[in-house]
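To keep things clear, I will list the structure first and then write my remarks on it.
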Number of protein chains: 2
Amino acid sequence: MESLSNTEKQIIEAAKKIFFQKGLSGARMQDIADEAGINKALLHYYYRSKDKLFDMVFEDAMNEMFVDIKASQRKDVTLKEKITVVVNSYITVIGRNPYLPLFILHEVNQHPERMVQRMTGGANFPEIKSFIKDIQTGAKKGVIRKVDPLQLVISIISMSIFPFVARPMIQGNIRVGQ
Amino acid sequence: MESLSNTEKQIIEAAKKIFFQKGLSGARMQDIADEAGINKALLHYYYRSKDKLFDMVFEDAMNEMFVDIKASQRKDVTLKEKITVVVNSYITVIGRNPYLPLFILHEVNQHPERMVQRMTGGANFPEIKSFIKDIQTGAKKGVIRKVDPLQLVISIISMSIFPFVARPMIQGNIRVGQ
DNA sequence: TATTATTTTAACCATTTGGTTAATGATGCA
DNA sequence: TGCATCATTAACCAAATGGTTAAAATAATA
């Protein structure tokens with residue numbers, strides 16, 4: 001991220017746009033070049049291969065998706081505040097970039113190994129385990145009802161993210177039923 | 001679906017396997033032919049083009065995803081039973097074929113028009129509108145708390161489907177945090 | 001069995017696509 | 001101003017890929 005040339009930024013922006021929409025296998029280097037308004041060879045000049053370029057974009061996407069979440073894991077925040085932060089964060093981030101979640105989910109499914117790397121390497125990634133512990137102590141204190149902590153986490157994440165992912169289908173459906 | 005030859009079935013099965021895993025743009029006709037144990041030209045003999053073949057698979061997928069759901073829309077079932085049927089149906093169907101939801105979501109995002117067709121044409125497709133009405137009358141009768149019906153539907157669907165979609169990420173995450 | 005229709009294949013073909021190369025433009029610097 | 005480095009491009013290449021064709025194998029039919 002340190003001092004990218006103007007062209008480099010254009011390329012990354014273009015690559016994000018195309019990769020987010022079409023995925024790795026659906027994206028064409030020519031499309032990215034066109035979107036960036038440059039020659040295709042220049043893509044390879046800066047980022048050697050399609051895969052390398054995709055890696056950058058993917059790492060960017062992961063960061064974008066989870067930056068704010070990290071904030072919820074500060075120790076000095078109450079459980080309910082943490083939950084609020086998580087939900088708000090997802091809604092804000094995805095609202096800003098609707099392609100993000102489905103892009104990540106699809107690509108993780110295509111190459112699970114690629115994500116495990118980013119997860120161990122990448123700085124900001126939400127730690128579910130710590131969230132679970134918070135819920136457990138919260139339940140003991142009586143702040144929330146006693147539930148399976150993992151299930152609660154999954155439910156919160158599901159309800160925060162899935163509506164965006166399924167939006168085209170739901171909207172389509174409602175429209176079809178008049 | 002009426003009396004397909006053995007080869008045709010093999011092709012459909014192979015095509016489903018490959019398309020489900022890799023999506024339209026990621027799938028190779030050669031892969032499908034190999035998976036079916038036949039020559040690539042035979043694919044085109046039965047299903048003219050990759051797109052035509054994909055259309056079959058996609059329609060199949062949509063049906064598979066929503067067959068059972070239709071059952072929940074019978075009039076003589078209570079609201080809570082309906083909800084149970086919906087949740088169980090999704091869990092069963094996706095448990096049987098984990099690739100299904102992400103495949104559909106991804107492809108619908110790639111070509112929204114394709115889905116709208118399937119939705120208007122396809123027989124079994126869950127009608128959210130009718131579900132919403134059930135919830136509204138249920139709320140009036142006091143069977144459930146008064147909530148935004150659409151939000152409830154979306155939450156139910158989210159919690160039923162998303163855990164499967166995000167499974168690799170959640171499992172990966174938990175493993176990484178030891 | 002002879003012939004016709006159907007199924008299957010090997011060999012091709014045209015296009016697309018990721019990637020390379022060599023030349024041209026620009027930019028800084030001595 | 002001349003030279004060297006960096007940025008950019010047009011033209012090209014090889015491999016991959018969807019699709020075709022003509023021939024071979026198989027099944028149906030008379």
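Note that the structure is predicted; figures quoted are calculated from it, not measured. Side chains included, hydrogens not; waters and symmetry mates left out as well; all remaining heavy atoms used.
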Checklist line | Test side-chain contact (heavy atoms from CB on, under 4.5 Å) applied to N6(A) and Q10(A), step by step | finding: CA-CA 6 Å; N6(A) 213 40; Q10(A) 276 171 264; 3.8 Å; yes

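- Taking the six-membered ring for Trp and the full ring otherwise, the centers of F103(B) and F19(B) sit at least 6.0 Å from each other.
- A side chain to side chain contact (heavy atoms under 4.5 Å, CB included) with I18(A) holds for exactly one of L53(A), I32(A), D34(A); it is I32(A).
- In this structure, the NZ atom of K52(A) is 16 Å from the P atom of dG18(C), given to the nearest Å.
- Looking at S158(A) and S158(B), their side chains never bring a donor and an acceptor atom within 3.5 Å of each other.
- Checking T84(B) against E81(B) by side-chain atom types alone, no donor-acceptor pair falls below 3.5 Å.
- At the phosphate of dG18(D), OP1 or OP2 sits under 4.0 Å from a side-chain N or O atom of R28(B).
- Atoms CG (D34(A)) and P (dA10(D)) sit 12 Å apart, rounded to a whole Å.
- In this structure, K50(A) places its NZ atom 8 Å from C1' of dT17(C), rounding to the nearest Å.
- Rounded to whole angstrom, the span from the CE atom of M29(B) across to the P atom of dG18(D) amounts to 7 Å.
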Item checked: Nucleotide-resolved protein contact map, nucleotides 8-14 of chain C, B/S/- at heavy-atom distance under 4.0 Å -> BBB----

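- Within the 4.0 angstrom heavy-atom criterion, only backbone atoms of the sugar-phosphate kind lie near A27(B); the bases stay farther away.
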Next item on the list: Scan nucleotides 22-29 of chain C nucleotide by nucleotide, 5' to 3', and note B when protein non-hydrogen atoms come under 4.0 Å of the base, S if they reach only the sugar-phosphate, - if neither.
Entry: --------

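- Using modelled atom types, no side-chain atom of R145(A) and backbone atom of G142(A) make a donor-acceptor pair closer than 3.5 Å.
- The distance from atom NE2 of H44(A) to atom P of dC13(D) is 17 Å, rounded to the nearest whole Å.
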Check: Where do E64(A) and K16(A) land on the salt bridge (Lys or Arg N to Asp or Glu O under 4.0 Å) test, with the steps shown first?
Finding: CA-CA 12 Å; E64(A) 218 170 309; K16(A) 281 173 80 167; 2.9 Å; yes

Checklist line | Residues L102(B), F164(B); criterion side-chain contact (heavy atoms from CB on, under 4.5 Å); working and verdict | finding: CA-CA 9 Å; L102(B) 199 48; F164(B) 291 95; over 6 Å; no

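- A pairwise comparison of heavy atoms in P149(A) and I132(A) identifies CB-CG2, 3.7 Å as the closest pair.
- The interatomic distance linking Y47(A) (OH) with dG18(C) (P) rounds to 18 Å, in whole Å.
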